[in-house]
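First comes the structure, then the notes that go with it.
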Amino acid sequence: SAVISQKPSRDICQRGTSLTIQCQVDSQVTMMFWYRQQPGQSLTLIATANQGSEATYESGFVIDKFPISRPNLTFSTLTVSNMSPEDSSIYLCSVADGTWVQETQYFGPGTRLLVL
Amino acid sequence: GNSVTQMEGPVTLSEEAFLTINCTYTATGYPSLFWYVQYPGEGLQLLLKATKADDKGSNKGFEATYRKETTSFHLEKGSVQVSDSAVYFCALRGAGGFKTIFGAGTRLFVKA
């Protein structure tokens, strides 16, 4: 299994500012993902973080708002840019490895973001 | 497209009661199906999974059977405990795909 840590665990930010969330995995993994979980709602995939190339974004999410880096197989960052109160959510890093269909997907503890 | 529908919560039960949380899905082909649990203040944890029709996933007393004919993956537990209080998410990963689709989540409260 993979152990995932995220920093910060929570933050309170002012609108118009940006926050970078870090995701560190204890082993090399093929796939890394970023999800958003808005209050009382389910998880929505933001993007797949690709090592050495641009992330692949889901419909409704754009690079200018959520820039992502993945410099190696164990680390990724998600930036929430020009924040508004609507960005208040839990942001979760997730990883998977091996044969995708069969492999388990692991989730980090999440970063709880409140935008005032 | 693929989708997951699960019963709305919250579900409130007394300790030792029987639990069922319904989950149905829409997908082409043969997806993999999952139940995840999120305890208060924590991240998601995989509870159980099934990757083909008629497979039964089980863990910690919870069970779910992959029913292709009814496109369902209902979660059951024979005797719940207070420590089972959490939010439960049904999820689907399409065959050959990279995207996991989550249901809305069902909050379970278990009273002593």
Applying a strict 4.5 Å limit to non-hydrogen atoms, the region of B:L46 in contact with chain A is side chain
Could you look at B:Q45 and say if it's the side chain, the backbone, both or neither that has a heavy atom under 4.5 Å from chain A?
-> neither
So is B:K68 actually on top of B:Y30's ring, under 6.0 Å and inside 45° of the axis?
-> yes
Select one option (side chain, backbone, both, neither) describing which atoms of A:Q6 are under 4.5 Å from chain B's heavy atoms.
-> neither
Heavy atoms of B:K49 and B:F34 approach each other most closely as CB-CD2, 3.5 Å
Just one of B:F62, B:F109, B:F73, B:F102 clears the ring-ring contact (aromatic ring centres under 6.0 Å, His included) bar with B:Y88, so which one?
-> B:F62
Who among B:P31, B:A104, B:A91, B:G105 has the most heavy-atom pairs with chain A under 4.5 Å?
-> B:A104
Does the ring centre of A:Y57 sit less than 6.0 Å away from the ring centre of A:F33?
-> no
